[in-house]
A.B. asks: 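Dropping a structure here in structure tokens format, bear with me for questions.
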Amino acid sequence: MAAFGSVFMPEMAMARFDGANWGQSAIVPSDSISLHPGAHVLHYASTCFEGLKAFRHEDGSVAIFRMDKNIARMQQSSELLSLPKFDAALLSQMIIDIVRHYAADVPTPPGSMYIRPTHIGTEPAIGKAATPTLTSLLYVLLSPVGDYFAGGSRGLRLLMEDNARCAPHMGMIKSGGNYASALYPTMQAKAKYQADQVLFCPNGDVQETGAANFLLIDGNEIITKALDASFLHGVTRDTILTLARDLGMKVSERELTVEELLERAAKPGTEAALSGTAAVLAPVGTLIHQGKEYKVGNGEPGSTTAKLRQTLNDIQWGKTADTHGWLTKI
Ligand SMILES: *Cc1c(COP(=O)(O)O)cnc(C)c1O
């Protein structure tokens, strides 16, 4: 099986902003774009993206999950990066156009079609370190993906670090620079502790990992950091919290300290998970803090994590009613 996100459909949807207007979107080859080496994005990182999925249902139809929420987040990312504004209708049309174009290639469950809208500043202007790009490019790539847990589901190892993942005012922007800033500490954590990810806990406040939100499940309660500008507002996080409430669980969106997390993790039956579009909900088995290892519960993937993931998958795959109106049939 190819690595997640390494296979692309040969065409993508693309639209250009010329400094005054958005042009018509078109379906074009996805293997190259032409960019001036002085393009704003290559020097000053004017870039943001989204990640969402389309699913094939048993009747053969294709549905996109929570497209509106992802589009709204991309508009917000673009605005906070001073990239040109675009209408939600433009991006939604581009996503629907390209997913329809490849409707026959959307994998059956547990696979799906991963959708990657991307917005970059294209103006050739290296004097614009402190000025926005005038022109930009918006495109939507598709990547068919298989079962994220094909190798089996094991508890992840997270190294808890006192540092922030990115600058605090950049946290809710899905932008390349934030991943760049998390990469070096993550590689160090892998080399030194065989950690899978870093759980960033600036000043003892449990935030998120490099590309996923963190949830603590203690019996009937889910605890996760309340939304603020310092971290990414995951659509999966919002979805899981909504489903947990539906299932009668108590959802606590509030500050979670490193101290409280380690205390609660030590209790048998406690679970922790990472949420994100790619993996949906991945169990966390071990926390590493100041050189010491702490198992979460018994260290194995837990039943509540599995149940929440299954509940979400069933909606995505059209196996249970979509009572929240999260699916767009194309
Ligand atoms: C994308 C991302 C998430 C998860 O967001 P989803 O909308 O659930 O996919 C969480 N944290 C970071 C830093 C991310 O980049």
Side-chain angles (χ1 to χ4, degrees), residues 4-5 45 47-55 64-78 80-81 91 95 112-119 140-141 143 145 148 156 158 161 163-186 189 196-202 205-216 222 224-244 251 253 256 272-282 284 305 308-309 311-313 315-316 324 326-328:
F4 183 95
T47 171
C48 59
F49 67 89
E50 271 307 319
L52 64 165
K53 281 173 169 175
F55 298 90
I64 305 172
F65 189 70
R66 303 204 75 175
M67 178 171 73
D68 296 355
K69 192 116 176 127
N70 284 274
I71 290 174
R73 189 170 66 188
M74 185 137 177
Q75 287 180 301
Q76 178 178 271
S77 291
S78 295
L80 293 173
L81 290 166
L91 182 53
I95 293 172
S112 60
M113 187 67 89
Y114 184 82
I115 305 167
R116 173 54 65 92
T118 309
H119 190 193
V140 182
L141 284 167
S143 174
V145 296
Y148 196 88
L156 296 171
L158 304 186
E161 273 212 355
N163 293 327
R165 166 180 172 258
C166 62
H169 68 293
M170 296 289 287
M172 61 182 185
I173 312 176
K174 213 163 170 74
S175 184
N178 289 343
Y179 302 85
S181 73
L183 195 51
Y184 190 77
T186 304
D196 296 294
Q197 292 293 332
V198 171
L199 178 58
F200 292 97
C201 308
D205 174 33
V206 178
Q207 287 193 330
E208 62 174 337
T209 64
N213 294 124
F214 180 82
L215 307 170
L216 178 66
I222 296 196
T224 192
K225 184 173 167 62
L227 297 179
D228 67 22
S230 71
F231 75 110
L232 208 280
H233 303 179
V235 176
T236 314
R237 171 191 178 281
D238 179 79
T239 303
I240 291 288
L241 296 186
T242 302
L243 294 176
V251 173
E253 293 180 77
L256 175 63
L274 296 182
S275 75
T277 295
V280 178
L281 207 54
V284 173
T305 302
L308 287 166
R309 185 168 72 219
T311 305
L312 173 48
N313 278 153
I315 295 171
Q316 292 174 323
H324 295 281
W326 285 335
L327 295 173
T328 304

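In listed order, ligands and their atoms are each counted from 1.
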A.B. asks: For the residue pair Tyr114 and Phe4, is the inter-centroid distance of their aromatic rings smaller than 6.0 Å?
C.D. replies: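 Yes, they do, as the ring centres are separated by less than 6.0 Å.
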
A.B. asks: Mind checking what makes side-chain contact (heavy atoms from CB on, under 4.5 Å) contact with Leu232, not counting sequence neighbours?
C.D. replies: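 Testing Leu232 for side-chain contact (heavy atoms from CB on, under 4.5 Å), a comparison that skips the adjacent residues, returns Arg73, Lys174, Glu208.
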
A.B. asks: Mark yes when over 12 heavy atoms from residues, nucleotides or ligands other than Tyr148 sit less than 6.0 Å from its OH; otherwise mark no.
C.D. replies: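 It does not: Tyr148 OH has 12 such atoms or fewer within range.
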
A.B. asks: Hey, what polar pairs (N/O, under 3.5 Å) does ligand 1 make with protein?
C.D. replies:
unit_1: ligand 1; atom_1: 7 (O); unit_2: Arg73; atom_2: NH1; d: 2.8
unit_1: ligand 1; atom_1: 7 (O); unit_2: Arg73; atom_2: NH2; d: 3.0
unit_1: ligand 1; atom_1: 7 (O); unit_2: Val235; atom_2: N; d: 2.8
unit_1: ligand 1; atom_1: 8 (O); unit_2: Val235; atom_2: N; d: 3.3
unit_1: ligand 1; atom_1: 8 (O); unit_2: Thr236; atom_2: N; d: 2.9
unit_1: ligand 1; atom_1: 8 (O); unit_2: Thr236; atom_2: OG1; d: 2.6
unit_1: ligand 1; atom_1: 9 (O); unit_2: Thr277; atom_2: N; d: 2.9
unit_1: ligand 1; atom_1: 9 (O); unit_2: Thr277; atom_2: OG1; d: 2.6
unit_1: ligand 1; atom_1: 11 (N); unit_2: Glu208; atom_2: OE1; d: 2.6
unit_1: ligand 1; atom_1: 11 (N); unit_2: Ala212; atom_2: N; d: 3.4
unit_1: ligand 1; atom_1: 15 (O); unit_2: Lys174; atom_2: NZ; d: 2.7
unit_1: ligand 1; atom_1: 15 (O); unit_2: Tyr179; atom_2: OH; d: 2.2

A.B. asks: Please enumerate all residues that pass side-chain hydrogen bond (donor to acceptor under 3.5 Å, both in side chains) together with Thr224, with sequence neighbours excluded.
C.D. replies: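 Once residues adjacent in sequence are excluded, Thr224 has no partner under the side-chain hydrogen bond (donor to acceptor under 3.5 Å, both in side chains) criterion.
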
A.B. asks: Under the ring pair (Phe, Tyr, Trp, His ring centres under 6.0 Å) test, which residues partner Phe214, sequence neighbours left out?
C.D. replies: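 With sequence neighbours excluded, Phe214 shows a ring pair (Phe, Tyr, Trp, His ring centres under 6.0 Å) to no residue whatsoever.
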
A.B. asks: Could you give me the CA-CA distance, side-chain angles and deciding distance for Met172 and Leu80, then say whether side-chain contact (heavy atoms from CB on, under 4.5 Å) is met?
C.D. replies: CA-CA 9 Å; Met172 61 182 185; Leu80 293 173; 4.0 Å; yes

